[in-house]
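For reference, the structure discussed in these notes is given below.
Protein chains get the first letters and strands the later ones, always in sequence-line order, with residue 1 at the start of each.
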Amino acid sequence: MPVHYRCIGYLRCPARSLLAIASKEVSIIKLQKRYAHTHHSFDELPFRDTYPLNSQLAFYARNGNFEATWALFCRMHFSCCHLDAYSFTPVLSACCALPGTKCGKLVHGLMIKTGVDAGTVTKTALMNLYSKYGCLDDSERAFEEIELKDVVAWNALISSFLRHDLAQRALDAFATMRREQVQLSEFTLCSVLKACASLKAFELGKQIHGLVVVLGRDLVILSTALIDFYSDVEHINEALNVYYSLKNIKDNVMRNSLIRGCINNRKYEEAFSIMSKMRPNVVALTSALGACSKNSDLWIGKQIHCVALRFGFTDDTQLCNVILDMYAKCGKIMNARSVFDLILEKCVVSWTSMIDGYGSQGYGLEAVELLERMEVEGKGVVPNSVTFLAVLSACGHSRQVEEAWKCFMLMEKFGIDPEEEHYACLIDGLGRASHIDEAWCVLNDMIKNGTRPTALTWTSLLNACSRNQDIARGEFAAKHLLELEPDKPANYVLLSNFYAAVGKWDSANRFRDMMRKKGLIKEAGSSQVGSNLLILTNRASI
DNA sequence: GTAGGGTTAG
């Protein structure tokens with residue numbers, strides 16, 4: 001088969017000829033124009049040899065100048081420069097970072113056309129590209145196609161799983177890697193520590209700590225990963241030990257990690273002690289405030305707000321959003337509003353957080369009023385689907401049915417199609433206000449509009465029926481809910497409560513019994529990781 | 001070609 005008729009594997013265009021790529025090159029031209037302003041020395045080069053141009057590409061990519069990488073690559077391509085594997089790898093990493101484009105897929109097409117899509121390095125670059133595009137299957141497929149899988153390829157696979165929140169699969173890949181006696185690198189240990197943190201696998205993480213000591217390389221990065229791990233598994237003293245055992249190689253990234261960990265684990269004195277020995281930075285304060293919100297630590301949050309004021313960080317919109325949210329979550333809605341009013345460049349998150357703050361404190365009308373103000377004073381910032389969820393929820397919790405409908409209808413004006421969550425929110429709000437017939441109509445409308453009810457919809461309807469003693473519709477919702485989620489303990493509790501609310505005690509007890517028989521008892525999560533890996537048995541290969 | 005720090009949205 002001629003090369004230009006080969007299937008463009010990962011592009012999911014079977015049997016699509018590379019003429020399609022040629023037509024897609026129109027998109028490349030468009031993208032080239034977008035970045036045409038980017039300066040590079042292409043025209044000044046006396047010879048358009050691939051070698052120096054590839055070096056230039058690599059230089060741009062290494063220094064994070066992705067627009068320049070892309071612009072130079074496009075010019076090379078359209079000037080008919082010979083492109084080889086060294087031309088493609090830097091541009092693939094640049095493609096991952098160019099927002100709003102999927103130019104990497106076009107580049108992959110060109111790679112197939114040029115015949116340089118094989119080889120461990122290019123395949124690893126493709127793994128990374130597809131993983132960052134959210135295409136885990138394609139990333140895995142690229143890995144499987146690598147003939148000689150080296151440690152970098154394995155590391156890329158582990159990272160792909162982590163990027164998709166599949167920590168257990170990351171550890172499975174690590175175990176396979178060990179079985180196949182692939183030599184580990186510091187990259188491997190970093191990623192595996194992250195997986196351990198995510199699965200709360202303390203014992204395995206401790207073993208990895210041992211490997212870090214044995215490996216003894218890149219201690220700043222690996223120690224930061226260890227601090228993150230110990231903080232996340234709530235062994236903050238171990239994290240502090242790691243930190244204090246290091247002499248003069250601490251940096252701000254590591255300190256920020258430890259501050260976040262200390263506040264998460266309520267070790268405030270240590271957190272402030274570390275903060276006092278460095279110049280505070282926005283990242284440290286943001287993460288510390290996130291921990292305060294989570295723990296509802298208003299007093300500590302206030303102190304961090306003071307630090308932010310003292311160091312002049314309050315022009316940082318994102319930091320202010322977190323301060324606002326912290327006050328709202330701690331029930332201090334007036335303080336939240338003061339912070340909100342002082343944000344100079346309000347973004348959609350600022351508006352949404354404030355609306356949500358009002359909603360969660362029962363101020364439905366204030367939430368709606370703020371949405372109206374956003375339309376007038378938003379300076380081009382428009383509500384998104386989350387903003388509408390917040391305002392619908394606010395209306396629902398304060399039983400503002402008319403306002404809820406108004407907001408729901410307003411979504412169309414902003415080009416937002418109601419999603420399943422919006423319908424569920426509306427149904428929930430209508431149910432709270434005893435508008436059960438309207439809630440039922442909303443359910444039918446959403447089905448008519450092609451939105452499939454999910455467990456959340458049925459839960460909202462069931463709650464509405466509980467409040468309104470509507471047995472028939474409640475049983476209808478219950479039937480669908482159990483079909484979708486037969487093993488979720490919370491659903492059985494919900495059903496039992498529904499029957500209790502409508503006075504059908506026999507049925508209420510029946511669902512309690514069913515739950516017991518099915519062994520559906522709510523328990524804290526536990527990890528089964530680590531026991532069979534025996535990672536320390538093969539130290540020689542590190 | 002692969003690793004370390006941030007948050008906000010039901």
Describe the nucleic acid contact of [X] in one word from base, sugar-phosphate, nothing, applying a heavy-atom distance below 4.0 Å.
| X | result |
| --- | --- |
| Ala153(A) | base |
| Thr387(A) | nothing |
| Arg62(A) | nothing |
| Ser287(A) | sugar-phosphate |
| Lys149(A) | nothing |
| Asn281(A) | base |
| Leu319(A) | nothing |

- With no hydrogens and no angle check, is any side-chain donor or acceptor of Ser198(A) less than 3.5 Å from a backbone partner on Lys194(A)?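 A pair under 3.5 Å: no.
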- Glu186(A): partners by salt bridge (Lys or Arg N to Asp or Glu O under 4.0 Å), with sequence neighbours left out: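 By the salt bridge (Lys or Arg N to Asp or Glu O under 4.0 Å) rule, Glu186(A) matches Arg217(A).
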- Query: Looking only at side chains, do Asp428(A) and Asn463(A) share a donor and an acceptor under 3.5 Å apart?
  - Reply: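 Judged by distance alone, the side chains do not pair up.
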- Message: Between Glu145(A) and Arg141(A), does any side-chain N to carboxylate O distance fall below 4.0 Å?
- Response: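 Looking at Arg141(A) together with Glu145(A), the answer is yes, because their closest N to O distance falls below 4.0 Å.
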- Query: Which nucleotide of DNA chain B is the first, and which the last, in the 5' to 3' direction, to come under 4.0 Å of a heavy atom belonging to chain A?
  - Reply: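 Contact span on the strand: dG1(B) to dG10(B).
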- Is the NZ or CZ atom of Lys123(A) both under 6.0 Å from the centre of the six-membered ring of Phe143(A) and within 45° of that ring's axis?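 Verdict for Phe143(A): no cation-pi partner in Lys123(A).
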- Query: Ring centres of His108(A) and Tyr130(A) under 6.0 Å apart?
  - Reply: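 Under 6.0 Å, so yes.
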